[in-house]
Amino acid sequence: MILFIFLSWCDQIIRHFREFGSENIPKVYSFDASVFEQEELNILDLVWSVYGKYDAKYLERLTHYEKPWVNASVDKNED
């Protein structure tokens with residue numbers, strides 16, 4: 001069930017940002033933090049502190065070296 005919720009959430013994010021394609025998404029300078037729990041804000045801060053300095057192309061390359069992506073690519077090429 002948790003995986004389904006996660007995949008659904010990812011799909012929503014992909015649809016929302018699809019218009020940018022492989023270009024950088026414009027920076028957000030303010031947002032409504034009140035919609036998040038403190039634990040969620042802590043996670044967002046951690047993710048931003050680690051990955052916020054990178055551009056879209058670097059992040060794409062970074063994810064494409066992770067095992068799930070590599071395995072999915074290998075499986076797709078075997079068809």
Side-chain angles (χ1 to χ4, degrees):
M1 180 65 168
I2 293 174
L3 180 59
F4 175 75
I5 293 169
F6 175 75
L7 292 176
S8 174
W9 180 76
C10 288
D11 189 50
Q12 291 174 27
I13 291 172
I14 290 168
R15 278 188 266 126
H16 182 78
F17 292 107
R18 184 176 305 220
E19 69 183 90
F20 297 103
S22 62
E23 300 299 317
N24 288 335
I25 297 170
K27 289 184 179 182
V28 174
Y29 293 97
S30 66
F31 72 102
D32 183 5
S34 69
V35 300
F36 297 100
E37 300 286 334
Q38 186 58 50
E39 184 178 355
E40 294 169 320
L41 288 171
N42 293 343
I43 292 169
L44 289 171
D45 285 340
L46 178 62
V47 170
W48 181 255
S49 70
V50 173
Y51 297 105
K53 60 186 167 235
Y54 300 116
D55 65 14
K57 285 293 186 187
Y58 177 83
L59 294 172
E60 179 183 35
R61 285 192 309 271
L62 186 65
T63 61
H64 289 187
Y65 288 112
E66 292 181 352
K67 194 170 183 171
W69 182 270
V70 172
N71 289 345
S73 297
V74 169
D75 291 345
K76 189 174 184 179
N77 289 334
E78 289 178 357
D79 291 341

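Both backbone and side-chain heavy atoms feed into the values below; hydrogens, waters and symmetry mates do not.
Other residues sharing a hydrophobic cluster with Val35 under the 4.5 Å side-chain heavy-atom criterion for ILVMFWY residues are Val28, Phe31, Phe36, Leu41, Leu44. In the hydrophobic clustering, Tyr29 connects to no other residue, as no ILVMFWY side-chain heavy atoms lie under 4.5 Å from its own.
Asn42 is linked by a side-chain hydrogen bond (donor to acceptor under 3.5 Å, both in side chains) to Gln38, counting only residues two or more places apart in sequence or in another chain.
At most 12 non-hydrogen atoms from other residues, nucleotides or ligands lie less than 6.0 angstrom from OH of Tyr51.
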Side-chain atoms of residues 52-60: list all donor-acceptor pairs with protein atoms under 3.5 Å, sequence neighbours left out, distances to 0.1 Å.
unit_1, atom_1, unit_2, atom_2, d
Asp55, OD1, Lys57, N, 3.3
Asp55, OD1, Tyr58, N, 2.8

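Screening residues 19-46 for salt bridge (charged side-chain N to carboxylate O under 4.0 Å, His left out) gives no qualifying pairs among residues at least two apart or on separate chains.
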